[in-house]
Each structure stands twice: as structure tokens, then as C-alpha cells.
**Student:** 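Submitted below is the structure of interest, expressed as C-alpha cells.
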Amino acid sequence: MTFSRDIFFRKSKLMNRNMEKFGEKMENLNQLLAVKKQKLEKLKVLGVDPYPTRSFRTHKIKVLINNKNDFISSEEVVTITGRLKTMRRQGKVGFGNITDDSGNLQIFVKKDTVGEENYEIYKLLDLGDFVQIKGVCFNTQRGEFSLRAHVVTVLGKSLLPLPTVKEKIVDGKKQRFDEFTDIELRYRKRYLDLLLNPEVKKNFEIRAQIIKEIRSFLDEKEFMEVETPILQPLYGGANARPFVTHHNTLNVDLYMRIALELYHKRLIVGGIERVFEIGKNFRNEGMDRTHNPEFSMLELYQAYADYNDMMDLTEDMVVHIAKKVNNKEAVTFGDTEISFQKPWRRASMIDLVKEESGFDAADFDFEKIKSFCEEQGIDVENTAGPGKLIEALFEKFVEPKLVQPTFVIDFPKEISPLAKVKPGHPNLTERFELFINGNEYGNAFTELNDPIDQRQRLEAQSKLREMGDVEANVVDEDFLEALEYGMPPTGGLGIGIDRLVMLFTNNTSIKEVIFFPQMKPEE
RNA sequence: GGGGGUGUAACUCAGCGGUAGAGUAUCUGCCUUUUAAGCAGAGAGUCGACGGUUCAAAUCCGUCCACCCUCACCA
């Protein structure tokens, strides 16, 4: 007997503390389990294997529902499989609802029809059990399309009771009772969440669809999907603190990647002109509504392109997703209607700061910017230069106002160590971030392909690191060497998949779009 | 890390100093077209953990844990 199973999980501390008392208590705690086990035994006595090796079905439930009249008039004998979700038994007859991943169908089991022995088996069923029902479709007296069982077969007994959620249809609207809503339980036991809250599954279906559409869009544009290392001897491509792990055989520490960027650029060097990857990044940082320590990114790199091309590509890709997922070039998030109609606004960071704060930072005058920041109550870190302060002003004054899709372009060079300088503007780079609804959704550059400049930039980052900036980039000699062999002019783009899914599913928490979000251990 | 909130039966919750409650689920009985099926009955809880105050704590106080919200941090 396993005591560590779900409903006893919380009680397990007791086991350490007081074994005897726990033993007594288990009598009570086990009651539900014991009942189910008794049923298992009874099934075995009846010669029924509660966990048979084979199952069989002729139709998914949706097929029956979509062709009700045909199945009723033909009286075709069909077999469905699924989980028993509700049960209404009354003496020598009973009803229940079976769900498979396509739908939900009422079954009608009558003692006279299935026979005495099979009816005994039916009576031993519990909510949550997997069953196979062979029978014929018909309409009940109340007019509900149902399956009249000829044979009830057990496919898998459940031992733990599913939380009970009941539904009633009032004026065509579903009313739910005793919903499974405890957020902590929903995240920790996502399988129950999926089972009991159908709209949760919908979120993840949209997620899958978005990813599928990204793939087909990029495939159409002849991007090659690649896989690059998650375990890396050095990390880079973003400003973030990494997770560290250890490889025993090599006896080296390895980092979990924080970005895909540097390996993709190596592939561009290698002559693959268009690459993309959808994968997990890992950042050892704070968690909140929009941050999970592991999260999904799309990165793509295109040779002979620049950040203007990346803006066009981003527009086209998001419009493509919106049309496929939402059937229109727009999405409603909360009360806000977001329009993806091209073209999206493109405005420089410095112009936007000036527009919203009245402050002109175009001259990069450090003392001037610093005193304005201090006036505005912005903390000035000791490693901050004018570029970082401009970004801070941007975050404070501009970010929350960018509701409709906006490309914020031309970031300070100081905070963009992997982006190419904007011609004629030594303090700026050809970089943009995409903002929607006040949140960042993407980041892109005309990629820096000058190995000498790149080395200087990484060395400058390294100095910041020495001064205490734990998120500054590290110098990656192997990457620099690749650049020295020559990288073509390249445009690169990163899109946060989770946030995009949040946008299209109208969710404000990243935990709603990640099946198993990071949670603290329970003990 | 700061502030606020929540934690009671398998699920949803009530109780907020006098020794544990409801509905659902489970079990028993009745019921051959129900659908939140119904009727009658039963069992089921270290009231998140630890400590304190009190004759008496689910309830008051403190500490801790988990989760949620919010601010800070963080591309």
C-alpha cells in the first residue's frame, strides 16, 4: 500500500512524527481507498480484470454526436471508450456520462439489456473509472442523445476519488457547482485541473496552435528549425543570472542557457542562412505573474537582413497567428481591443521618452540625465551610464502607455552589447523591442557581426560584471572566434512564447499557460 | 524582500473563545428514461505546522510553511 498518494500527501508529515497515531488514522483516511479496493476485489471475483491490456473502440464520441440521426436510424452497434464523469443510478437502470478527448456522451445502462452479470459490473463502477461501452444510439424520453449499453467493460479503475464538479444548464448557460478552483491545487495537480476545468485545456490547445502556426509560417519562409545546447559551458545572449549544474564525467560546471542567440549566430556563420528554434530558456531570477524560471522563446536569425526586415517579419507572423487562432487581425485582452493591422507604430526610444516625459535625452549627457532621473525618484545604480538611465526613463514613462503593438526602436548601445550601431548615431543601435499592452513581447537587432567591436562590447560588459552587475554578459571566446571567421549581415528576433499565448488566451498569469509552472516544494 | 489576503471532511464552503457544521462525493436501503436525479439513513476532520494566553483555542497572540494579490527586484 502506498501512503504517499495524493489525498494522503499532506498528512505525510504525520508519518515522521507519530507513526502509531498515523497508523490509527489511516483507518479513517483510507476509507475511500478501502471501498475502492473492495470493489476491485469484487470485480476479480466476477472474473473481471480491472486493468485489461487491450481496449477497443469504433468511434470517438464527437463522431456519434455529429451524426446523431444516422446512428439512431441505422441502429449500428458502436463502441466508445472514455472516463466515467457522472453517474445517476436508479435501481435496475442507470445513466452516466462518458468523456473522451472529443466530447461527452450520456450512456444508459439497463439491467434487462446488459444482463444480470454485466449489470453487477456496472454497479461496481466509480466516477473516474475508464470504461468501454458497446451499444446502440438512441434518444431518451427527455430527448437526450445517448448510448444504450449492451456491454459495459472496465478499462481502468480509479483508486482516488475525483473532486466533484457538477454542472447544470440554466437558460442554455452552464452553471457549475463545487468547482475545482483552488489555484495552488490546480497548478500542483494539473491533471485534475485539465480533467475538471475544460477551459484550461482550451488555453493549452491555443498554445499548441500558436506554436504550430509559428512553425508553418517560418517553414513557408524557408527557415530551418534547429536545436542548440541547453547545457552550455558559458551562457550569453541576454542579461540574466543563470542556473548552474555539473557534469560528472567531464567534471565541469555547466550553465542552463538563458538565450539561444550565440549558438544561432554560430549556425549563421556556418552558412545556414535562416534558422529558428522554439525552446526553453532558464533564468535564475524572481518569479511573478509574467516570469517563470523556465520559459519558452522563439529565436530566429536571417542572413542578409536587418532589424527593419525583422519588424516586417514580426508583423506578418503575428498577423498570421491572429488570423489562424482568432480568425481576425485583432485580439481582445481584458477590456482592451488590440489591433494587429499593419503597419504597427515604429518610434525611437528617445523620442518616446521625450513625448511622455518632456525630457530630451538625445545628447546622452550623463549628468543631465542622471539629475533628471534623481528628480523622478529613479534609483541610479553605480554601473549605470546614460543608456541605462534612458531605459529606466522609458520603463517609467513610456512602457505602460504602449497598448497597441509598437516597435520601440534604436536602443542605447550601452545596453545592447550584441546589436550593431546605428549608422550616424554612435550611441544607438539598430535594435527594437515589441510592446503590446505595456509588456515586452519581442526583442530584435541588426546583429553585430564586427568581431572587433563585439569583443570590445563584451569586454565592457565584463567590466560591469566586475563592478557588481551580476547580469552583465560574459566574454565567450568561442563565440568571438566564430565571428572572426566572418558572419554575414544578419537580422535576429526573439519572441516570448508564453506571453504571446497569454495575450491570445486572455490570461494575466504565466502560470495559466505553462502546464507545470514552478512551485515551491510542499515540504 | 515589504504590505495585504487565504489555509476547516476527497471537493466547495460556513463557523471566529465553550469542545466540529452544511452541500456535493463515499457507503447502506428504496427506485427500469435520469441529468446538480430523488427519498431515508450512516461513516468520514491532529480546523496548514509549531509555540503562547486561557478553566477552555478552529476561533485570540507570536513564529514558521504554502498559495494568491500588490510593490520592489528582474529584459
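Residue numbers start from 1 in every chain, and the chains themselves are labelled A, B, ... in the order their sequence lines are given, proteins ahead of strands.
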**Student:** When the C1' atoms of rC16(B) and rA56(B) are compared, how many Å lie between them, rounded to an integer?
**Tutor:** 15 Å

**Student:** For rG23(B) and rU34(B), measure between their P atoms and round to the nearest Å.
**Tutor:** 25 Å

**Student:** Would you classify I415(A) as touching base, sugar-phosphate or nothing, given that sugar-phosphate means primed atoms plus P, OP1 and OP2, and contacts are heavy atoms under 4.0 Å?
**Tutor:** base

**Student:** Report yes if a side-chain nitrogen or oxygen of K36(A) is closer than 4.0 Å to either non-bridging phosphate oxygen (OP1 or OP2) of rC27(B); otherwise report no.
**Tutor:** no

**Student:** Classify E440(A) by what it touches in the nucleic acid, base, sugar-phosphate, or nothing, heavy-atom distance under 4.0 Å.
**Tutor:** base

**Student:** Which nucleotide, in any strand shown, forms a Watson-Crick or G-U wobble pair with rA44(B), with both distances under 3.5 Å?
**Tutor:** none

**Student:** Take E447(A) and T490(A) through the test side chain to side chain donor-acceptor pair (under 3.5 Å) and record every step on the way to the result.
**Tutor:** CA-CA 5 Å; E447(A) 302 294 342; T490(A) 298; over 6 Å; no

**Student:** Pick base, sugar-phosphate or nothing for M519(A), based on heavy-atom distances below 4.0 Å to the nucleic acid.
**Tutor:** sugar-phosphate

**Student:** Taking protein heavy atoms under 4.0 Å as touching, what does nucleotides 2-7 of chain B look like 5' to 3' if B marks base contact, S marks sugar-phosphate-only contact and - marks none?
**Tutor:** ------

**Student:** V152(A) pairs by side-chain contact (heavy atoms from CB on, under 4.5 Å) with which of L124(A), L125(A), L84(A)?
**Tutor:** L125(A)

**Student:** Which whole number of Å gives the distance between the P atom of rC60(B) and that of rG5(B)?
**Tutor:** 12 Å

**Student:** Between the side-chain atoms of Q90(A) and the base atoms of rU34(B), is any donor-acceptor pair under 3.5 Å?
**Tutor:** no

**Student:** Return the nucleotide paired to rU63(B): Watson-Crick means purine N1 to pyrimidine N3 with N6-O4 or O6-N4, wobble means G-U with N1-O2 and O6-N3, both under 3.5 Å.
**Tutor:** rA49(B)

**Student:** With a 3.5 Å limit on both atom pairs, tell me what rC39(B) is paired to, counting Watson-Crick and G-U wobble, or say none.
**Tutor:** rG29(B)

**Student:** Indicate whether OP1 or OP2 belonging to rU34(B) is found under 4.0 Å from a side-chain N or O atom of R142(A).
**Tutor:** yes

**Student:** Which whole number of Å gives the distance between the C1' atom of rA57(B) and that of rC68(B)?
**Tutor:** 27 Å

**Student:** In terms of side-chain heavy atoms, does N473(A) have a donor or acceptor partner in R465(A) at a distance below 3.5 Å?
**Tutor:** no

**Student:** By the definition side-chain contact (heavy atoms from CB on, under 4.5 Å), identify the one residue from M349(A), R346(A), K422(A) that meets it with D410(A).
**Tutor:** K422(A)

**Student:** Taking the nucleotide of RNA chain B with the closest heavy atom to each, which residue, D126(A) or E179(A), is nearer the 5' end?
**Tutor:** E179(A)

**Student:** What does rA72(B) pair with, Watson-Crick or G-U, if both distances are under 3.5 Å?
**Tutor:** none

**Student:** When you compare rC61(B) with rA22(B), how far apart are their C1' atoms, in angstrom units rounded to a whole number?
**Tutor:** 30 Å

**Student:** Starting at CD1 of I183(A) and ending at P of rC68(B), how long is that distance when rounded to a whole Å?
**Tutor:** 7 Å

**Student:** Does R289(A) place a side-chain N or O at less than 4.0 Å from the phosphate oxygens OP1/OP2 of rC68(B)?
**Tutor:** no

**Student:** Please walk me through it: do I369(A) and L393(A) pass side chain to side chain contact (heavy atoms under 4.5 Å, CB included)?
**Tutor:** CA-CA 9 Å; I369(A) 299 172; L393(A) 291 172; 4.2 Å; yes

**Student:** Please tell me which of Q518(A) and D288(A) maps to the more 5' nucleotide of RNA chain B, matching each residue to the nucleotide holding its nearest heavy atom.
**Tutor:** Q518(A)

**Student:** Which nucleotide in the list rC13(B), rU32(B), rU33(B) gets nearest to the side chain of F95(A)?
**Tutor:** rU33(B)

**Student:** Indicate, with a heavy-atom threshold strictly under 4.0 Å, whether Q141(A) touches base, sugar-phosphate, or nothing.
**Tutor:** base

**Student:** Quick check: do F95(A) and T140(A) have side-chain heavy atoms less than 4.5 Å from each other?
**Tutor:** yes

**Student:** L196(A) has an atom CG; how far is it from atom P of rU24(B), in whole Å?
**Tutor:** 18 Å

**Student:** Does rU12(B) have OP1 or OP2 sitting under 4.0 Å from an N or O in the side chain of K166(A)?
**Tutor:** no

**Student:** Does any part of the side chain of P163(A), heavy atoms only, come nearer than 4.5 Å to the side chain of L192(A), both counted from C-beta?
**Tutor:** yes

**Student:** Could you tell me how far rC11(B) sits from rU35(B) if I compare only their P atoms? Round to whole Å.
**Tutor:** 27 Å

**Student:** E116(A) CD to rU32(B) P: how many Å, rounded?
**Tutor:** 14 Å

**Student:** For E144(A) and rA36(B), give me the distance from atom CD to atom C1', rounded to whole Å.
**Tutor:** 14 Å

**Student:** NA contact type, R148(A), heavy-atom cut-off 4.0 Å: base, sugar-phosphate, or nothing?
**Tutor:** base

**Student:** If you look at every strand shown and take non-hydrogen atoms under 4.0 Å, does K111(A) touch a base, only sugar-phosphate, or nothing?
**Tutor:** nothing

**Student:** Any luck finding a side-chain donor-acceptor pair between R88(A) and Q106(A) under 3.5 Å?
**Tutor:** yes

**Student:** Run through N292(A), I230(A), I258(A), T245(A) and flag the one making a side-chain contact (heavy atoms from CB on, under 4.5 Å) with F282(A).
**Tutor:** I230(A)

**Student:** For the pair made of CG in D178(A) and C1' in rC11(B), what is the distance, rounded to whole Å?
**Tutor:** 6 Å

**Student:** Would you indicate, yes or no, if rC67(B) has its OP1 or OP2 atom less than 4.0 angstrom from a side-chain nitrogen or oxygen of K511(A)?
**Tutor:** no

**Student:** Classify E381(A) by what it touches in the nucleic acid, base, sugar-phosphate, or nothing, heavy-atom distance under 4.0 Å.
**Tutor:** sugar-phosphate

**Student:** Could you check whether K388(A) gets within reach of a base, just the sugar-phosphate, or nothing at all, counting any heavy atom under 4.0 Å?
**Tutor:** nothing

**Student:** Heavy atoms under 4.0 Å, any strand shown: does D182(A) hit a base, just sugar-phosphate, or nothing?
**Tutor:** sugar-phosphate

**Student:** Got F435(A) and E440(A) here, is their nearest side-chain heavy-atom distance under 4.5 Å?
**Tutor:** yes

**Student:** Taking the side chain as everything from C-beta on, heavy atoms only, tell me whether F411(A) gets closer than 4.5 Å to L428(A).
**Tutor:** no

**Student:** Tell me, with the steps shown, if E299(A) and Y301(A) meet side chain to side chain donor-acceptor pair (under 3.5 Å).
**Tutor:** CA-CA 7 Å; E299(A) 285 198 35; Y301(A) 291 82; 2.7 Å; yes

**Student:** Between rC50(B) and rC55(B), how many Å separate the two P atoms, rounded to a whole number?
**Tutor:** 23 Å

**Student:** Under 4.0 Å, counting only non-hydrogen atoms across every strand here, what does Y119(A) touch: a base, just sugar-phosphate, or nothing?
**Tutor:** nothing

**Student:** Using the C1' atom on both, measure rC39(B) against rG51(B) and round to a whole Å.
**Tutor:** 49 Å

**Student:** Looking only at the side chain of R188(A) (C-beta and beyond, no hydrogens), which of the listed nucleotides rC67(B), rU33(B), rC74(B) gets closest?
**Tutor:** rC67(B)

**Student:** Give one of base, sugar-phosphate or nothing for R241(A), where a contact means two heavy atoms less than 4.0 Å apart.
**Tutor:** nothing

**Student:** Between R89(A) and rC31(B), does any side-chain N or O lie under 4.0 Å from OP1 or OP2?
**Tutor:** no

**Student:** Quick one: label R176(A) by what it contacts on the DNA or RNA (base, sugar-phosphate, nothing), any heavy atom closer than 4.0 Å.
**Tutor:** nothing

**Student:** Reckon R88(A) has a side-chain N or O less than 4.0 Å from the OP1 or OP2 of rU35(B)?
**Tutor:** no

**Student:** If we call it a pair only when both distances are under 3.5 Å in a Watson-Crick or G-U wobble match, what pairs with rA20(B)?
**Tutor:** none

**Student:** Tell whether T86(A) reaches the base of rU35(B) with its side chain through a donor-acceptor pair below 3.5 angstrom.
**Tutor:** no

**Student:** Tell me what K39(A) touches on the nucleic acid: a base, only sugar-phosphate, or nothing, going by heavy atoms under 4.0 Å.
**Tutor:** sugar-phosphate

